[in-house]
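Lettering follows sequence order; numbering is per chain, from 1.
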Amino acid sequence: MAQKPSIPKGTRDFSPTEVAKRNYIFSTIKQVFELYGFQPIETPSFEKSETLMGKYGDEGDRLIFKILNSGDYLNKVDDSLLKIKDSLKITSKISEKALRYDLTVPFARYVVQHQNDIVFPFKRYQMQPVWRADRPQKGRFREFYQCDADVVGSKSLWQEVEFVQLYDAVFSKLKLTGTTIKLNNRKILAGIAEIIGAKDKLIDFTVALDKLDKIGAEGVIKEMLSKGISQDAIHKVQPLFQFNGNNQDKLNQLQDLLEASEEGIQGVKDLRFVIDAVESLGLQSATLELDVTLARGLNYYTGAIYEVTAPEGVKIGSIGGGGRYDDLTGIFGLNDMSGVGISFGLDRIYLVLEELHLFDEVALPKPKVLFINFGELEAAYCMKALIDLRNKGIKSELYPDSAKMKKQLNYANRRAIPFVVIVGENEIVNGNYTLKNMLTGEQKVCTLEDLLKITT
RNA sequence: GUGAUUGUAGCUCAGCUGGUUAGAGCGCCGGAUUGUGGUUCCGGAGGUCGCCGGUUCGAAACCGGUCUUUCACCCCA
């Protein structure tokens, strides 16, 4: 046997049924995106390294797939550099392109590059694969799809309200009820950090706080201490560790806690606006939850932070996330362009729908009629009928070879094709067709008109 | 990147503490049945036991490395 074929770690093949299910999710998301006024764009699967590097933190840089330069790339590297074997330094010499790590940074690049042609506020959506050199595990792949919708050029909080509704609309349409849309605001996190005098440790602080439901208050405190946040400071935010009540209660508690921080108060105000609006407009199937521990986030979020978790009982992590970023296009030289956006993790949504058996009605595209092939003459006769069937939109095909009847019928069975048309000498002489129902086994001789009528 | 875990036929898996020519079920191909399927019966093909190296008289089994699978951490969709 030849070498056993396989695909790289963390990648997957998708067979027809899987593609059908994935397309169902894609088209649902796409419909809702367009319903909300977004327009599609696409960007290259790889970008210049400088566009991507440094945008996702050190951890992110490590996870970016680098593309080797073409040609004799090593020849151009200094011997001295090769000798010290510093991978980081050599990488920038031998690789100038990298695979897309997410859709937001390429989008920022796109906006800056096309700023003169874009009508602002610009609402775009994008559904494309992204790549991460991560170690795969449950619900985590090295190649996966993101479905993003972003608005740039508007600071309106109404937009943030709409994204909550959009999440709810998509999940409701997928019949995925019981999702939780978690909402937070970076300004609140900054406010808290300010109150405790750990403004410079905002990232460490938020990353630790984010783990509250996973490692508990003790674990969080331990991690904060190890990052150099003082005992005294931690004591001040103690209330956060047992935060409860409904969204309004939480808002009021935050209001008190953040009194001394101007930024924090602004965050509470923003959050209150969004929460009030969503609560008065109502959601179909999702629950909106203010979660102060929500800190995931890419370093560029500056306002709202979203994260969607699957219904209780499905252990898959988040199935979507997003937020507001005021400074993103600034990196590429376009200032004062606020953006807010969300992302759907297609592959994870797939896993959740599968686990909850919500794919029932997704039909695999397959032919309805198979013409049995008895030979050249018969095949030619069948091809004529096929034209009529196909013109009427009836998915149909001719078995390509004049194989044994048994084999051809078996093929119809395996593919669950409901009708088979048998044409031999007799049928050709009489100008008719023998139609067989593969489910009931019934068969009858009929005209082309009957054939079209019955199989439609 | 850290720590575990998995790998035997196309698929799901047996294969005892190292011991002849490595098995089963399903699937595939052919026949019983040359214009009638899903059932049944008969026959057949298909394996460098992930890969490389080591220990041994002898390795699918033991050891090392590597790749792969799954999982946790880090981080994230």
Quiz item: Is it true that A:Arg109 and A:Glu47 make a salt bridge, defined as a side-chain N closer than 4.0 Å to a carboxylate O?
Solution: yes
Self-check item: Basic-acidic side-chain contact under 4.0 Å: A:Asp270, A:Lys187
Solution: yes
Quiz prompt | All pairs passing ring-ring contact (aromatic ring centres under 6.0 Å, His included) where residues 342-373 of chain A contributes a residue, at least two apart | solution = A:Phe33-A:Phe344, A:Tyr167-A:Phe344, A:Phe171-A:Phe344, A:Tyr350-A:Phe359
Quiz item: Restricting to pairs with a member in residues 146-165 of chain A, which pass ring-ring contact (aromatic ring centres under 6.0 Å, His included), not counting sequence neighbours?
Solution: A:Phe38-A:Phe163, A:Trp158-A:Phe273
Rounded to whole Å, how long is the line connecting atom [atom1] of [X] with atom [atom2] of [N]?
X	N	atom1	atom2	result
A:Arg132	B:G1	CZ	P	17 Å
A:Leu294	B:C76	CG	C1'	13 Å
A:Ile372	B:G35	CD1	P	11 Å
A:Leu353	B:A77	CG	P	19 Å
A:Glu59	B:C75	CD	C1'	5 Å
A:Asp102	B:C75	CG	C1'	14 Å
A:Asp204	B:C74	CG	P	14 Å
A:Trp131	B:C76	CH2	C1'	17 Å

Scan [X] against the nucleic acid and name what it touches under 4.0 Å (heavy atoms): base, sugar-phosphate only, or nothing.
X	value
A:Ser318	sugar-phosphate
A:Phe141	base
A:Val207	sugar-phosphate
A:Gly60	nothing
A:Gly424	base
A:Ile319	sugar-phosphate

Quantified in whole Å, what is the [atom1] atom distance between nucleotide [N] and nucleotide [M]?
N	M	atom1	answer
B:G50	B:A9	P	8 Å
B:U70	B:U6	P	14 Å
B:U5	B:U21	C1'	34 Å
B:C49	B:A22	P	10 Å
B:G30	B:G38	P	14 Å
B:G64	B:C28	P	42 Å
B:C13	B:G7	C1'	13 Å
B:G53	B:U17	C1'	25 Å

Quiz item: With A:Ser285, which residues qualify under side chain to side chain donor-acceptor pair (under 3.5 Å), at least two apart?
Solution: A:Ser172
Quiz item: Would you say the side-chain atoms of A:Glu34 and A:Tyr125 include a donor-acceptor pair closer than 3.5 Å?
Solution: yes
Quiz item: Quick one: do the A:Asn185 and A:Tyr301 side chains pair a donor with an acceptor below 3.5 Å?
Solution: no
Practice problem: Please figure out whether A:Arg140 or A:Gly320 has its closest RNA chain B nucleotide nearer the 5' end. | Solution: A:Arg140
Self-check item: Along RNA chain B (nearest heavy atom to each residue), the more 5'-positioned of A:Met405 and A:Glu307
Solution: A:Met405
Quiz prompt | Minimum heavy-atom distance A:Leu176-A:Leu356, with the two atoms named | solution = CD1-CD1, 3.7 Å
Self-check item: A:Ile196 to A:Val237 - nearest heavy-atom pair and separation
Solution: CG2-CG1, 3.3 Å
Practice problem: Any chance you could list the contact pattern along nucleotides 26-34 of chain B? Use B for base contacts, S for sugar-phosphate-only contacts and - for none, protein heavy atoms under 4.0 Å, 5' to 3'. | Solution: -SS--SB--
Quiz item: Can you give one letter per nucleotide of nucleotides 65-70 of chain B, going 5' to 3': B for a protein heavy atom under 4.0 Å from the base, S for sugar-phosphate only, - for none?
Solution: ---SS-
Practice problem: Just grab all the salt bridge (Lys or Arg N to Asp or Glu O under 4.0 Å) pairs involving residues 16-25 of chain A, residues at least two apart or on different chains. | Solution: A:Lys21-A:Glu354, A:Arg22-A:Asp347
Quiz prompt | Residue pairs involving residues 395-419 of chain A (criterion salt bridge (Lys or Arg N to Asp or Glu O under 4.0 Å); sequence neighbours excluded) | solution = A:Glu397-A:Arg415
Quiz item: Heavy atom of residues 426-456 of chain A under 4.0 Å from RNA chain B: which residues?
Solution: A:Asn426, A:Glu427, A:Lys436, A:Met438, A:Gly441, A:Gln443
Quiz prompt | Pairing pattern in dot-bracket form [Watson-Crick, G-U; both distances under 3.5 Å; | = partner strand] for RNA chain B | solution = ((((..(..((((.....[...)))).(((((.......))))).....(((((..]....))))))..))))....
Practice problem: Report the residue from A:Asp291, A:Asp210, A:Leu189, A:Thr206 that forms a side-chain contact (heavy atoms from CB on, under 4.5 Å) with A:Asn184. | Solution: A:Leu189
Please output the side-chain donor-acceptor pairs of residues 378-389 of chain A that fall under 3.5 Å, not counting sequence neighbours, one pair per line with the distance.
| from | atom 1 | to | atom 2 | distance (Å) |
| --- | --- | --- | --- | --- |
| A:Tyr381 | OH | A:Asn432 | N | 3.2 |
| A:Tyr381 | OH | A:Asn432 | O | 3.1 |

Quiz item: Which residues pass the side-chain contact (heavy atoms from CB on, under 4.5 Å) test with A:Arg140, sequence neighbours left out?
Solution: A:Asp134, A:Gln137, A:Arg348
Quiz item: For A:Phe65, what residues pass the side-chain contact (heavy atoms from CB on, under 4.5 Å) criterion, not counting sequence neighbours?
Solution: A:Leu99, A:Trp131, A:Ala133, A:Arg142
Self-check item: Quiz item: A:Arg62 side-chain donor-acceptor pair to B:C75 base, under 3.5 Å
Solution: no
Quiz prompt | Nearest-nucleotide pick for A:Arg348, side chain only, options being B:C76, B:G35, B:C75 | solution = B:C76
Quiz item: Going from CG on A:Leu103 to CG on A:Asp148, what distance comes out if it is rounded to the nearest 0.5 angstrom?
Solution: 4.5 Å
Quiz item: Is there aromatic stacking of A:Phe144 against B:A77, centre distance under 5.5 Å, plane angle under 30°?
Solution: yes
